[in-house]
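Have a look at the structure below, then the notes.
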Amino acid sequence: MAAAREELLKDLEEVKELLTKATRNRVRDVLMTEKHRLELEIKNQPPPKPKDAVEEEKVSLGGYTVKINNYGWDQSDKFIKIYISLNGVQKLPAENVQVNFTERSFDLLVKNLNGKNYTMTFNNLLKPIAVEGSSRKIKTDMVLVMCRKKREEKWECLTQVEKESKEKEKAAYDTSDPSEGLMNLLKKMYAEGDDEMKRTINKAWVESREKQSKGDMPMDI
């Protein structure tokens, strides 16, 4: 970013120098337009950070960032509680454990824990939460994120995406015809399975058809 700003400043100096030498109006107009464009672009560039601030930022952020995927959760009448295990987190300064809440999301950032940063983001929460009543607690080897419910009602899952996924699965198996439900299950296993799983399902299907043709089982099973 600093290098880009430096290049823009050099371009501006050169345009100014050319302006002092230009004699034709059309050339001066073109140069003036370019001068204004460069000045505006430089103005919109963020100011360079002092070297000390850059070094301090590197130290505070620690090493690389790890995305947290493992967690546990439960709920009370008033809160959704998310438990995140992090070894030694209680030894960090409190400001190194930050949670930002919105009505339908939250994101956690743990900075410089054993040389790493840890992040977790939940978007599209199942129901709205009260930002002002939500908080986080630091416990031994654990961060507890507490989302205050706007309404005291039971959540069947954490996010809207999870709910839609469960509803699709239920629709796939919940049929009035048992054989249709079994067929949907086999199709799902085949679509998501590896080569070995597909070979197994194919073999079972062939054997089933052979038994049907010999009359060993009813055709509707």
Any chance you could measure [X], atom [atom1], to [Y], atom [atom2], to the nearest 0.5 Å?
{"X": "E13", "Y": "L38", "atom1": "CD", "atom2": "CG", "value": "10.5 Å"}
{"X": "I82", "Y": "M146", "atom1": "CD1", "atom2": "CE", "value": "9.5 Å"}
{"X": "H36", "Y": "L40", "atom1": "NE2", "atom2": "CG", "value": "10.5 Å"}
{"X": "L31", "Y": "K21", "atom1": "CG", "atom2": "NZ", "value": "11.5 Å"}

Hydrophobic clustering (ILVMFWY, side-chain heavy atoms < 4.5 Å, transitive) - are [Y] and [X] grouped together?
{"X": "V66", "Y": "M142", "result": "no"}
{"X": "V15", "Y": "L9", "result": "yes"}
{"X": "V131", "Y": "F79", "result": "no"}

If we check side-chain contact (heavy atoms from CB on, under 4.5 Å) with M120, which of these qualifies: V99, I84, D107, V143?
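Exactly one candidate clears the test, I84.
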
Donor-acceptor pair, distance only, cut-off 3.5 Å: does the side chain of [X] make one with the backbone of [Y]?
{"X": "R104", "Y": "L125", "result": "yes"}
{"X": "Q90", "Y": "D141", "result": "yes"}
{"X": "S134", "Y": "A130", "result": "yes"}

What is the minimum heavy-atom distance between [X] and [Y], and which atoms define it?
{"X": "V89", "Y": "I138", "result": "O-CG2, 4.0 Å"}
{"X": "F101", "Y": "C147", "result": "CE2-SG, 4.0 Å"}
{"X": "M32", "Y": "L19", "result": "SD-CD1, 3.5 Å"}
{"X": "L92", "Y": "K111", "result": "CD1-O, 3.8 Å"}
{"X": "K127", "Y": "K154", "result": "CE-O, 3.9 Å"}

Salt bridge (Lys or Arg N to Asp or Glu O under 4.0 Å) partners of E103, counting only residues at least two apart:
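If we apply the salt bridge (Lys or Arg N to Asp or Glu O under 4.0 Å) test to E103, skipping adjacent residues, the hits are K150.
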
Would you please name every residue forming a salt bridge (Lys or Arg N to Asp or Glu O under 4.0 Å) with E164, sequence neighbours left out?
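Counting only residues at least two positions away or on another chain, E164 forms no salt bridge (Lys or Arg N to Asp or Glu O under 4.0 Å).
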
Considering residues at least two apart in sequence or located in another chain, which fulfil the ring pair (Phe, Tyr, Trp, His ring centres under 6.0 Å) criterion with F122?
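In terms of ring pair (Phe, Tyr, Trp, His ring centres under 6.0 Å), with neighbours along the sequence ignored, F122 is linked to Y71, F106.
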
Trace of the side chain to side chain contact (heavy atoms under 4.5 Å, CB included) decision for W73 with V145
CA-CA 9 Å; W73 76 283; V145 178; over 6 Å; no

Step by step, would you call Y64 with K116 a side chain to side chain contact (heavy atoms under 4.5 Å, CB included)?
CA-CA 5 Å; Y64 61 90; K116 300 175 187 175; 3.1 Å; yes

Going by heavy atoms in the side chains, are L126 and E156 under 4.5 Å from each other?
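A side-chain contact under 4.5 Å exists here.
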
May I ask you to test the L158-I80 pair for a side-chain heavy-atom distance under 4.5 Å?
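A side-chain contact under 4.5 Å exists here.
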
More than 12 heavy atoms of other groups within 6.0 Å of D74 CG
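Enclosed.
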
For R148, side-chain hydrogen bond (donor to acceptor under 3.5 Å, both in side chains) partners two or more places apart
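Applying side-chain hydrogen bond (donor to acceptor under 3.5 Å, both in side chains) to R148 gives none.
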
Considering residues at least two apart in sequence or located in another chain, which fulfil the side chain to side chain contact (heavy atoms under 4.5 Å, CB included) criterion with S105?
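Per chain and number, S105 pairs via side chain to side chain contact (heavy atoms under 4.5 Å, CB included) with T102, N123.
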
Kindly state each residue pair satisfying salt bridge (charged side-chain N to carboxylate O under 4.0 Å, His left out) with at least one member in residues 27-36, sequence neighbours excluded.
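Of all non-adjacent pairs touching residues 27-36, those that pass salt bridge (charged side-chain N to carboxylate O under 4.0 Å, His left out) are E34-R37, K35-E39.
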
